[in-house]
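Take a look at the structure set out below.
To find a chain, count down the sequence lines: A is the first, B the second, and so on, and within it residues start at 1. Every value quoted in this text rests on a predicted model; they were computed, and no experiment measured them.
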2 protein chains.
Amino acid sequence: MLRLSKLTDYATVILSFMARDNTHVHAAMEIAAITGIALPTVSKILKVLVNAKVLISTRGAKGGYALARAPEKITVAEVISALEGPIALTECSISLQGCEQAAGCEIRGNWSLINQTIHNALESVTLADMIRPVRSQAPAWEKEILIPVASLYR
Amino acid sequence: MLRLSKLTDYATVILSFMARDNTHVHAAMEIAAITGIALPTVSKILKVLVNAKVLISTRGAKGGYALARAPEKITVAEVISALEGPIALTECSISLQGCEQAAGCEIRGNWSLINQTIHNALESVTLADMIRPVRSQAPAWEKEILIPVASLYR
DNA sequence: ATTAAATAGTACTAGAATAGTCCTCAATTA
DNA sequence: TAATTGAGGACTATTCTAGTACTATTTAAT
Ligand code: FES
Ligand code: FES
């Protein structure tokens, strides 16, 4: 299904809330209450995001979490790879170990191109974009999207 | 990790072999032998691909599998969704059931844009592209990729 | 100093999804 | 009719994910 994990989905919900109210730190409990996600789960996600340098934490009473950078500087790609590891469609994109085909595999390079493309797409969207309301009926949507990988071949 | 399942990876390996030798039908056993994937697994994948109308099968002695269309007409997106179901990063892209946030969720629409972008990327690559050798040092690669989603906002 | 509030880190459990195998039935060819 | 090959489904084992719990550490307020 090529899907993100639930935790990643939660993370974007949490982060967009934080991006909207970026004036003070938020305690894990507060975030849990507002988003409706269970506290231990919220807590887990926040810790991961701190490690990934997406958030900054302050310990102790009155402590909490805040965005490490402006929402414009935090990309969706970062968030995803924080929670799920590197963005790599196939095993071989990460390491060639474990791929029996590796030796004579012609298609590996092509996967990595596709991978790049998706990565670029995800990197071009920031938290600031995510909290913006979607334009209804994006005009000429179909035409705005350049067919990306194929152009390298044709 | 935003990764494809192993079975999908196998499927592309199998299909690219079949695309390279598209002159006659291939029995499951033959494919297993050549690709090195275990027969029952190959068999399972082939059946799924037949159901998805990517392959056509012939039963009986001298039977086997063949591409349903020319390699140029089979997209990577098709193959992926055959094996993993619809391409949808988040649950909400498929059904809104099961998403607690649905009511006041601002970010849903944005995910679906991102999703579209990825889908388009995958649809633009065909089997024929996959079996072509990668151009070494794709020229001006960085510039060829249009920043896709963000352009809708900015 | 003491206490309370908050995160850090890690370990664990239960459940779900994936990968892989096997068996029986149907169709085609020789 | 016998041999070959796919169709379809059931089943198992393993891995991954989601969620929870517990202890230690840090800071602020009293
Ligand atoms: S290198 Fe892994 S499938 Fe080709
Ligand atoms: S609708 Fe599901 S996260 Fe917004």
*Pick base, sugar-phosphate or nothing for A:Thr58, based on heavy-atom distances below 4.0 Å to the nucleic acid.*
sugar-phosphate

*Residue met sooner reading DNA chain D from 5', once A:Ala38 and A:Lys62 are mapped to nucleotides*: A:Ala38

*Please evaluate the base of D:dT5 for a donor-acceptor partner in the side chain of B:Arg59 within a cut-off of under 3.5 Å?*
no

*asked:* Output the rounded distance in Å from CG (A:Leu46) to P (C:dA5).
replied: 19 Å

*For B:Ile45 and C:dA19, give me the distance from atom CD1 to atom P, rounded to whole Å.*
9 Å

*Whole-Å distance between C:dA17 P and A:Arg3 CZ?*
7 Å

*Please state how far atom NZ in B:Lys47 lies from atom P in C:dA26, giving the value in whole angstrom units.*
15 Å

*Under 4.0 Å between a side-chain N/O of A:Ser57 and OP1 or OP2 of C:dA8, yes or no?*
yes

*May I have the distance from A:Ile56 (atom CD1) to D:dT26 (atom P), rounded to whole angstrom?*
18 Å

*asked:* Distance check needed: D:dT4 C1' versus B:Glu30 CD, whole Å only.
replied: 14 Å

*Whole angstrom value for the distance that separates P of D:dT20 from NZ of A:Lys6*: 10 Å

*What is the distance, rounded to the nearest whole Å, between atom NE2 of A:His26 and atom P of C:dT7?*
12 Å

*asked:* For a 4.5 angstrom cut-off between non-hydrogen side-chain atoms, does B:Leu122 reach A:Thr117?
replied: no

*Counting side-chain heavy atoms from CB outward, which of D:dT20, C:dA5, D:dG19 is closest to A:Lys44?*
D:dG19

_Do the side chains of A:Lys6 and A:Asp9 get close enough for a salt bridge, i.e. N-O under 4.0 angstrom?_
no

_Using OP1 and OP2 only, check whether a side-chain N or O of B:Tyr65 sits under 4.0 Å from D:dA7._
yes

_Can you see if the side chain of A:Ser5 gets near the phosphate of D:dA18 - specifically, an N or O under 4.0 Å from OP1 or OP2?_
yes

